[in-house]
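Notes for the one structure printed next.
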Amino acid sequence: YTVKVAKEGFQPAAEQTGEVKVGKETSLDFSLIKIPTVATLAIKGAPVGAEILVDDRRLGVAHSDGSFTANDIEIGRHNVTIRKENFRPKSAGLVFVSGGVMEFDGALASIMGTLRIDAGPAGVSPAIFIQREGEPPRPIADRTQSLPEGDYTITGRVAGQQDVSV
């Protein structure tokens with residue numbers, strides 16, 4: 001006799017042949033291998049501590065080498081997001097296949113810029129205030145500022161003079 005064994009969720013086993021004799025027991029051994037129902041997400045190059053989300057569910061953060069791995073992503077299409085403060089988030093719709101590894105580049109673009117303030121004429125030291133849109137103005141002492149992208153108003157103030165804003 002030729003015997004074939006199959007079970008849903010498992011890879012089909014190879015057919016085996018066995019001889020059946022009267023009064024004797026015949027046994028065949030089949031090894032069924034489970035078909036994976038999950039996939040792996042492998043991220044490289046992300047900023048340290050960047051949050052990793054799949055379908056808006058937080059899975060964890062990027063390690064010190066910028067990597068992150070999740071081995072239990074359900075197969076199918078998922079939205080993967082990487083985000084971190086002062087960086088532009090990155091999202092993509094990715095299709096995960098059974099037992100597969102989906103690699104995703106985690107590099108994020110910084111949204112920080114540098115503002116350098118030169119005030120004159122020489123010998124004049126105005127008080128400088130910076131105001132981001134929607135926030136109150138705040139004084140700054142350091143004439144070089146690292147700031148997130150946005151709209152800002154810079155105001156210089158000298159006693160006895162009219163304020164100057166840009």
Side-chain angles (χ1 to χ4, degrees), residues 1-20 25-117 129-154 166:
Y1 289 93
T2 299
V3 180
K4 182 177 184 178
V5 176
K7 181 174 180 172
E8 188 175 321
F10 290 84
Q11 296 176 357
E15 290 182 355
Q16 293 186 33
T17 304
E19 187 177 335
V20 178
E25 185 176 302
T26 301
S27 67
L28 302 172
D29 290 321
F30 292 90
S31 294
L32 297 179
I33 300 171
K34 187 166 178 61
I35 296 173
T37 57
V38 293
T40 297
L41 170 63
I43 294 174
K44 293 181 182 172
V48 175
E51 286 184 290
I52 313 299
L53 299 96
V54 172
D55 297 331
D56 297 322
R57 182 174 61 93
R58 186 178 188 270
L59 297 185
V61 297
H63 304 296
S64 61
D65 64 355
S67 70
F68 177 85
T69 304
N71 297 311
D72 58 352
I73 307 297
E74 290 183 18
I75 58 175
R77 185 175 187 80
H78 297 285
N79 187 51
V80 176
T81 302
I82 303 172
R83 67 183 183 197
K84 184 172 182 175
E85 188 175 349
N86 298 325
F87 290 86
R88 186 167 284 111
K90 179 190 267 187
S91 292
L94 303 176
V95 177
F96 292 83
V97 296
S98 180
V101 176
M102 177 58 68
E103 293 182 356
F104 190 50
D105 178 11
L108 300 180
S110 174
I111 60 170
M112 299 298 286
T114 301
L115 171 69
R116 191 180 65 166
I117 301 169
F129 296 85
I130 188 169
Q131 180 178 12
R132 186 173 186 180
E133 190 173 284
E135 297 178 3
R138 61 181 172 85
I140 58 172
D142 187 354
R143 300 294 170 95
T144 300
Q145 296 283 309
S146 181
L147 303 167
E149 69 182 355
D151 294 326
Y152 295 86
T153 301
I154 311 300
V166 290

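Contact detail for Ala62 and Pro47: the closest heavy-atom pair is CB-O, 3.4 Å. The minimum heavy-atom distance linking Leu28 with Gly18 is given by the pair CD2-CA, 4.2 Å. Heavy atoms only, all atoms of each residue included: Pro89 and Leu108 are closest at C-CD2, 4.3 Å. Closest heavy-atom contact between Ile82 and Asp105: CD1-O, 4.4 Å. The nearest pair of heavy atoms linking Phe104 to Ala92 is CE1-CB, 3.7 Å. In plain terms, the two heavy atoms of Ser64 and Val48 that are nearest each other are O-CG2, 3.4 Å.
Atom CG in Leu115 sits 6.5 Å away from atom CD1 in Ile140 (nearest 0.5 Å). Interatomic distance, CD1 of Ile154 versus CD1 of Ile130, reported as 3.5 Å (0.5 Å rounding). Atom CZ of residue Arg132 and atom CD of residue Glu149 lie 8.0 Å apart, to the nearest 0.5 angstrom. Put simply, OG1 on Thr17 and CD on Glu15 are 7.5 Å apart, with the number rounded to the nearest 0.5 Å. Going from atom CD1 of Ile43 over to atom CG of Leu59 covers 8.0 Å, rounded to the nearest 0.5 Å.
The salt bridge (Lys or Arg N to Asp or Glu O under 4.0 Å) contacts involving residues 52-73 comprise Glu51-Arg58, where partners must be two or more places apart or lie in separate chains. Residue pairs meeting the side-chain hydrogen bond (donor to acceptor under 3.5 Å, both in side chains) criterion with at least one member in residues 32-45, sequence neighbours excluded, are Thr40-Asn71. Every pair tested for side-chain hydrogen bond (donor to acceptor under 3.5 Å, both in side chains) that includes a residue from residues 133-146 fails, sequence neighbours excluded, so the list is empty.
Taking the centre and axis of the six-membered ring of Phe30, the NZ or CZ atom of Lys7 falls outside the cone set by 45° and 6.0 Å.
Partners of Phe68 under the ring pair (Phe, Tyr, Trp, His ring centres under 6.0 Å) rule, at least two apart in sequence or in another chain, do not exist in this structure. Residues meeting the side-chain hydrogen bond (donor to acceptor under 3.5 Å, both in side chains) test with Ser91, sequence neighbours left out: Thr81. Here Gln11 pairs with nothing under the side-chain hydrogen bond (donor to acceptor under 3.5 Å, both in side chains) rule; sequence neighbours left out.
Within the 4.5 Å cutoff, the side chain of Val80 has no heavy atoms near those of the Ile73 side chain. Residues Ile52 and Leu41 form a side-chain contact, since some pair of their non-hydrogen atoms from C-beta on lies under 4.5 Å apart.
A donor-acceptor pair under 3.5 Å is formed between the side chain of Gln16 and the backbone N or O of Asp29.
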